[in-house]
J.: 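Quick one: this structure, given as structure tokens, is what I'll be asking you about.
Just the heavy atoms: all of them, side chains too, but no hydrogens, waters or symmetry mates, feed the values below.
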Amino acid sequence: QVQLVESGGGLVQPGGSLRLSCKASDFTLGHYSIGWFRQVPGREREGVACITENSESTKYSDSMKGRFTVARDNAKNVVYLQMNDLKAEDTAVYYCLEVFTLTSFPPLCSLRPQSDDWGQGTQVTVSS
């Protein structure tokens, strides 16, 4: 059972930036592809971005391409989501979770969660 903790959310003005962090305390994050997801109350959770175990590849939802960047530092056991040019519609609770890796070369991550062990998430609010 993988337990991840998200942090770094907050209130930011439109056009601003935030960097979210996803950390694991009891295991090696580098063994997993990690995905970022977000959810607005009353709506389904949606995939945002993912990154493979050793940063071989990344994947983004179309609406985030060019604005969000996912990265990881396995030495520090952390995965980041850099969010730039934030818009009001980016307001949501953001979560990270292990995702499936497609068996290809190079490996590719998918925005399909491997489990249902969602953490508390971190709230991102974009408002003037």
Side-chain angles (χ1 to χ4, degrees):
Q1 186 172 347
V2 176
Q3 296 292 333
L4 304 179
V5 178
E6 306 89 352
S7 64
L11 174 64
V12 63
Q13 292 186 343
S17 299
L18 281 175
R19 188 177 77 163
L20 307 184
S21 296
C22 172
K23 297 182 179 180
S25 59
D26 298 329
F27 57 88
T28 304
L29 206 59
H31 291 168
Y32 301 91
S33 290
I34 299 297
W36 283 97
F37 301 82
R38 67 185 187 184
Q39 188 169 27
V40 175
R43 297 177 61 180
E44 289 190 1
R45 190 175 280 124
E46 65 171 331
V48 173
C50 63
I51 185 167
T52 50
E53 297 166 19
N54 295 298
S55 304
E56 297 94 335
S57 64
T58 57
K59 178 184 174 70
Y60 298 91
S61 179
D62 287 343
S63 62
M64 291 78 172
K65 285 181 180 177
R67 299 191 299 123
F68 291 9
T69 302
V70 60
R72 67 192 304 160
D73 185 337
N74 286 343
K76 295 183 178 179
N77 214 29
V78 63
V79 175
Y80 301 106
L81 182 68
Q82 177 68 42
M83 305 186 296
N84 298 327
D85 189 24
L86 283 162
K87 307 176 187 300
E89 52 264 39
D90 295 318
T91 296
V93 179
Y94 285 72
Y95 303 87
C96 60
L97 199 61
E98 67 277 21
V99 294
F100 286 101
T101 302
L102 304 179
T103 54
S104 59
F105 185 80
L108 301 172
C109 59
S110 72
L111 290 172
R112 288 176 54 218
Q114 281 201 37
S115 75
D116 198 32
D117 296 323
W118 299 99
Q120 295 296 314
T122 186
Q123 175 70 49
V124 171
T125 302
V126 185
S127 175
S128 56

J.: Do you know which two heavy atoms are closest between Gln82 and Ser17, and how far apart they sit?
T.: NE2-CB, 3.9 Å

J.: Heavy atoms only: give me the nearest Ala92-Gln39 pair and the separation to one decimal.
T.: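 Reported closest heavy-atom pair: CB-O, 3.5 Å.
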
J.: How close do Pro106 and Glu56 get, heavy atom to heavy atom, and via which atoms?
T.: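 Pro106 and Glu56 have their closest heavy atoms at CB-CB, 4.4 Å.
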
J.: Does Gln123, at its CD atom, have more than 12 non-hydrogen atoms belonging to other residues, nucleotides or ligands within less than 6.0 Å?
T.: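 Counting other residues, nucleotides and ligands, CD of Gln123 exceeds 12 neighbours.
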
J.: What do you reckon, is CD of Glu89 surrounded by more than 12 foreign heavy atoms closer than 6.0 Å?
T.: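 Yes, the 6.0 Å shell around CD holds more than 12 heavy atoms from other groups.
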
J.: Working to the nearest 0.5 angstrom, can you tell me the gap between Leu18 CG and Leu11 CG?
T.: 9.0 Å

J.: Closer than 3.5 angstrom, by distance alone: can the side chain of Arg72 be matched with the main-chain N or O of Ser33 as a donor-acceptor pair?
T.: no

J.: Is a side-chain donor or acceptor of Asn74 paired with a backbone partner of Glu53 at a separation under 3.5 angstrom?
T.: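 Checking the backbone N and O of Glu53 against the side chain of Asn74, a donor-acceptor pair under 3.5 Å is found.
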
J.: Is the backbone of Val78 close enough, under 3.5 Å, to the side chain of Asp73 for a donor and an acceptor to pair up by distance?
T.: no

J.: Which pair of non-hydrogen atoms, one from Pro107 and one from Thr101, has the smallest distance, and what is that distance?
T.: CB-CG2, 3.8 Å

J.: Can you pull out every ring-ring contact (aromatic ring centres under 6.0 Å, His included) where at least one residue sits in residues 36-94? Sequence neighbours excluded, please.
T.: Phe37-Trp118

J.: Between Arg38 and Glu46, is the side-chain contact (heavy atoms from CB on, under 4.5 Å) condition met? List the steps.
T.: CA-CA 6 Å; Arg38 67 185 187 184; Glu46 65 171 331; 2.7 Å; yes

J.: Do Arg67 side-chain atoms and Asp85 backbone N/O form a donor-acceptor pair below 3.5 Å?
T.: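 Between the backbone of Asp85 and the side chain of Arg67 there is a qualifying donor-acceptor contact (under 3.5 Å).
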
J.: Hey, does the side chain of Gln114 reach the backbone of Val99 with a donor-acceptor pair shorter than 3.5 angstrom?
T.: yes

J.: Going by the disulfide bond (SG atoms under 2.5 Å apart) test, which pairs reach into residues 11-80, not counting sequence neighbours?
T.: Cys22-Cys96, Cys50-Cys109

J.: Hey, are Asp90 and Lys87 close enough for a salt bridge, meaning a charged N less than 4.0 Å from a carboxylate O?
T.: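 No salt bridge links Asp90 with Lys87.
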
J.: To the nearest 0.5 angstrom, please state how far the OG1 atom of Thr69 sits from the CE atom of Met64.
T.: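 Interatomic distance, Thr69 OG1 to Met64 CE, rounded to 0.5 Å: 12.5 Å.
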
J.: Any idea which heavy atoms bring Pro14 and Ser127 closest together, and the distance?
T.: CD-C, 3.6 Å

J.: Report the distance from atom CD1 of Ile51 to atom CD1 of Ile34, rounding to the nearest 0.5 Å.
T.: 9.5 Å

J.: Looking only at heavy atoms, which two atoms of Ala49 and Leu81 are closest? And how far apart?
T.: CB-CD1, 4.3 Å

J.: Is Leu108 reachable from Leu97 through a run of I, L, V, M, F, W or Y residues, each pair having side-chain heavy atoms under 4.5 Å apart?
T.: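 Not linked; separate clusters.
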
J.: Test side-chain contact (heavy atoms from CB on, under 4.5 Å) on Val79 and Val70 and set out the steps.
T.: CA-CA 7 Å; Val79 175; Val70 60; 4.0 Å; yes

J.: Please list, chain by chain and in numerical order, all residues satisfying side-chain hydrogen bond (donor to acceptor under 3.5 Å, both in side chains) with Ser110, sequence neighbours excluded.
T.: none

J.: Using modelled atom types and a 3.5 Å cut-off, is there a donor and acceptor pairing between side-chain atoms of Ser21 and backbone atoms of Ser7?
T.: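 Checked: no pair found.
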
J.: Do Phe100 and Leu111 share a hydrophobic cluster (ILVMFWY, side-chain heavy atoms under 4.5 Å, transitive)?
T.: no

J.: Evaluate side-chain contact (heavy atoms from CB on, under 4.5 Å) for Glu6 paired with Leu20, printing each intermediate quantity in order.
T.: CA-CA 7 Å; Glu6 306 89 352; Leu20 307 184; over 6 Å; no

J.: Show the numbers, then the answer: is there a side-chain contact (heavy atoms from CB on, under 4.5 Å) between Leu4 and Leu29?
T.: CA-CA 9 Å; Leu4 304 179; Leu29 206 59; 3.3 Å; yes

